[in-house]
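All heavy atoms count here, side chains included; hydrogens, waters and symmetry mates do not.
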Amino acid sequence: MPHFVIDCSEQIIKLKSPQEIIQNIYNTAESTGLFLPEEIKVRINPFQHYTTGNTSDNFIHVFANIMQGRNTEQKANLSKQMVLELKAMFPEVPIISINIRDFERATYCNKEMV
């Protein structure tokens, strides 16, 4: 925990390598001090087929799934830092966004917990 899943147009991974994108998202998450470094997970899903407002404009959207317990200010800062990093990496990409979803501690389970 946390999981950062990057959905993007396929062109994005031609502009920068998937590993560079993943590392920058990891570094940004770590820099907030909200997570233990060894718990940060990042994945990328490039899409060949999509529409953005009936266009084929490039896009990046990060789905951040984090354990509940962070306040609104912390989550807003995390969102802002992620978008700032991606905007710096991809100034030519018109659509860059993120949303944060909280996992409920009471209902979360992984294999180490059973």
Side-chain angles (χ1 to χ4, degrees):
M1 193 76 44
H3 298 267
F4 295 92
V5 181
I6 307 159
D7 282 0
C8 63
S9 50
E10 191 173 52
Q11 184 63 26
I12 298 301
I13 63 169
K14 294 176 182 171
L15 297 171
K16 304 278 184 187
S17 74
Q19 192 54 42
E20 183 179 358
I21 299 165
I22 288 167
Q23 191 63 54
N24 282 344
I25 292 298
Y26 175 92
N27 293 345
T28 302
E30 183 181 25
S31 76
T32 66
L34 296 175
F35 314 107
L36 295 174
E38 64 273 14
E39 294 181 351
I40 300 169
K41 298 164 185 74
V42 184
R43 299 183 291 280
I44 190 165
N45 295 313
F47 289 87
Q48 182 178 13
H49 306 285
Y50 63 90
T51 184
T52 54
N54 207 28
T55 75
S56 58
D57 289 348
N58 286 318
F59 75 94
I60 301 170
H61 184 85
V62 180
F63 294 91
N65 298 292
I66 67 173
M67 187 60 73
Q68 69 183 64
R70 279 76 178 190
N71 64 38
T72 301
E73 182 180 312
Q74 290 170 317
K75 291 187 281 188
N77 181 59
L78 174 61
S79 291
K80 183 177 180 180
Q81 294 307 312
M82 289 287 177
V83 170
L84 284 170
E85 177 61 31
L86 290 168
K87 186 177 174 183
M89 286 182 71
F90 300 100
E92 68 282 7
V93 174
I95 302 167
I96 298 174
S97 55
I98 182 174
N99 70 293
I100 297 176
R101 299 181 282 206
D102 287 338
F103 278 109
E104 239 181 39
R105 190 174 311 279
T107 60
Y108 176 77
C109 187
N110 66 34
K111 76 176 195 170
E112 303 300 320
M113 300 167 73
V114 293

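In this structure, CD on E20 lies 10.5 Å from CG on L15, to the nearest 0.5 angstrom. Rounded to the nearest 0.5 Å, atoms CG (L78) and CG (L34) are 6.0 Å apart. Rounded to the nearest 0.5 Å, atoms CD1 (I13) and CD1 (I60) are 11.5 Å apart. Separation of atoms CE (M1) and CG (N65) is listed at 8.0 Å; rounding is to 0.5 Å. Note that the CD1 atom of I6 and the NE2 atom of H61 stand 11.0 Å from one another [nearest 0.5 Å]. How far CG of D7 is from CZ of R43: 10.5 Å, rounded to the nearest 0.5 Å.
For the 3.5 Å distance criterion, the side chains of T28 and S31 fail to qualify, holding no donor opposite an acceptor. Defined by atom type and a distance below 3.5 Å, a donor-acceptor pair is present between the side-chain atoms of N27 and Q23.
In this structure, the side chains of N54 and T51 come closer than 4.5 Å at one or more pairs of heavy atoms. Between F63 and N99, the closest side-chain pair of non-hydrogen atoms falls below 4.5 Å. Residues Q68 and Y108 fail the side-chain proximity criterion, which asks for heavy atoms closer than 4.5 Å. Residues V62 and S97 fail the side-chain proximity criterion, which asks for heavy atoms closer than 4.5 Å. Between D102 and K75, some side-chain heavy-atom pair lies under the 4.5 Å cut-off. The shortest side-chain heavy-atom distance between L86 and N24 does not fall under the 4.5 Å cut-off. For the pair Y50 and N58, the minimum side-chain heavy-atom distance is below 4.5 Å. Q74 is not listed as a side-chain neighbour of T32, based on a closest heavy-atom distance of 4.5 Å or more.
Contact between R70 and M67 at its shortest, heavy atoms only, is NH1-O, 2.8 Å. The shortest heavy-atom contact between K16 and I21 is O-CD1, 3.7 Å. F4 and A29 get closest at one heavy-atom pair: CE1-CB, 3.6 Å.
Clustering ILVMFWY residues whenever any of their side-chain heavy atoms sit less than 4.5 angstrom apart, transitively, puts I40 in the very cluster that holds M89. One hydrophobic cluster, built from ILVMFWY side chains closer than 4.5 Å, cannot hold both I66 and V5; they sit in different ones. In the hydrophobic cluster analysis, where Ile, Leu, Val, Met, Phe, Trp and Tyr join through side-chain heavy atoms closer than 4.5 angstrom, V42 is grouped together with V93.
Between the side chain of K41 and the backbone N or O of E39 there is at least one donor-acceptor pair closer than 3.5 Å.
Across F47, F90, F59, a single residue satisfies side-chain contact (heavy atoms from CB on, under 4.5 Å) together with I12, and that is F90.
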Please assess Q81 against E85 for the test side-chain contact (heavy atoms from CB on, under 4.5 Å), listing each intermediate value before the final yes or no. CA-CA 6 Å; Q81 294 307 312; E85 177 61 31; over 6 Å; no

